[in-house]
Amino acid sequence: MSLSYQTNWKYLQSTYIYPKVFTDRCRDPQQERAMPTVMCSSICISLLEPEIEAGVLIGFKHIRGCMDRVLRNGFNETAIRTHRFNQNNQCRTLSRAALFNPIKGQEQYALGEVQLCSCYGDRCNGGSAGTTFRFFTIISIVLIAGFLRPPWPDI
C-alpha cells in the first residue's frame, strides 16, 4: 500500500487488511527489488484511488495484492462477476459503494470511485494493464468526442 494509507491507518483499518509493506514504490512497480510478494490463491489486483487534499487531486494511492487479502469485508461478489474481474485481465473504474462490501455495524457509505485491475500470473499486477487501459480510455474519449460533435458548422 502507498505510504499515505499508513499515515491514516487508524481510520482505514476497519476497511483494509494490514499490508506486508507501506511504500510509495507501488507507483513504479518496475522497482520491485526487495519488495515482499505473496502467493495468491485468488486473482491478483491493483487498486488505484485518487488522493485528494483540499479538493485538489494531488496524485493516486496504490494497493497491490491478492483480491481476497485487501478488504476486510471483501469485494462485492456480484460486482466482481458482473464485470468479469475473475475471468479477464482488465481495469475498470467503479464506485466504492458498488465494489466494496459494507462494513458491518457502520452506516457510513463508501464515497468516490476507484480503479480496479485484475490479472493472472506471477507479479502481473505491476502496471502494464493499467497503462494500456488508460491509453485505450484516452483514445476512446477522443474518438467518441469526434463523433458527438454537432453536424452543423460553428458560427
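Put simply, CZ on R92 and OG1 on T82 are 10.0 Å apart, with the number rounded to the nearest 0.5 Å. Atom CD1 of I58 sits about 9.0 Å away from atom CD1 of I52, to the nearest 0.5 Å. Taking NE2 from H62 and OG from S2, the interatomic distance works out to 5.5 Å, rounded to the nearest 0.5 Å. Between F60 atom CZ and L47 atom CG the span is 12.0 Å, to the nearest 0.5 Å. In this structure, SG in C117 is found 9.5 Å from CD1 in I45, a value given to the nearest 0.5 Å.
By the ring-ring contact (aromatic ring centres under 6.0 Å, His included) test, F22 is found to be paired with W9, Y18, residues two or more places apart in sequence or in another chain being considered. Every salt bridge (charged side-chain N to carboxylate O under 4.0 Å, His left out) that R96 has, sequence neighbours left out, goes to E49.
Put simply, I17 and F75 are part of two different groups of oily side chains (I, L, V, M, F, W, Y) that touch within less than 4.5 Å, one to the next.
Looking only at side-chain heavy atoms (C-beta outward), L71 and Y16 come within less than 4.5 Å of each other. Side chains of H83 and L99 form no contact here, defined as non-hydrogen atoms less than 4.5 Å apart.
The two residues I43 and Y120 come nearest to each other via the heavy atoms CG2-CE2, 2.9 Å.
No donor-acceptor distance shorter than 3.5 angstrom exists from the side chain of T93 to the backbone of Q115, with no hydrogens or angles considered. A donor-acceptor contact shorter than 3.5 Å links the side chain of S118 to the backbone of F85.
Between C66 and C44 the SG-SG gap reaches or exceeds 2.5 angstrom.
Applying the side-chain hydrogen bond (donor to acceptor under 3.5 Å, both in side chains) definition to pairs two or more places apart or across chains, those involving residues 66-81 are S41-D68, S42-D68.
For the side chain to side chain contact (heavy atoms under 4.5 Å, CB included) test with L116, the passing option among L48, V70, I80 is I80; the others fail.
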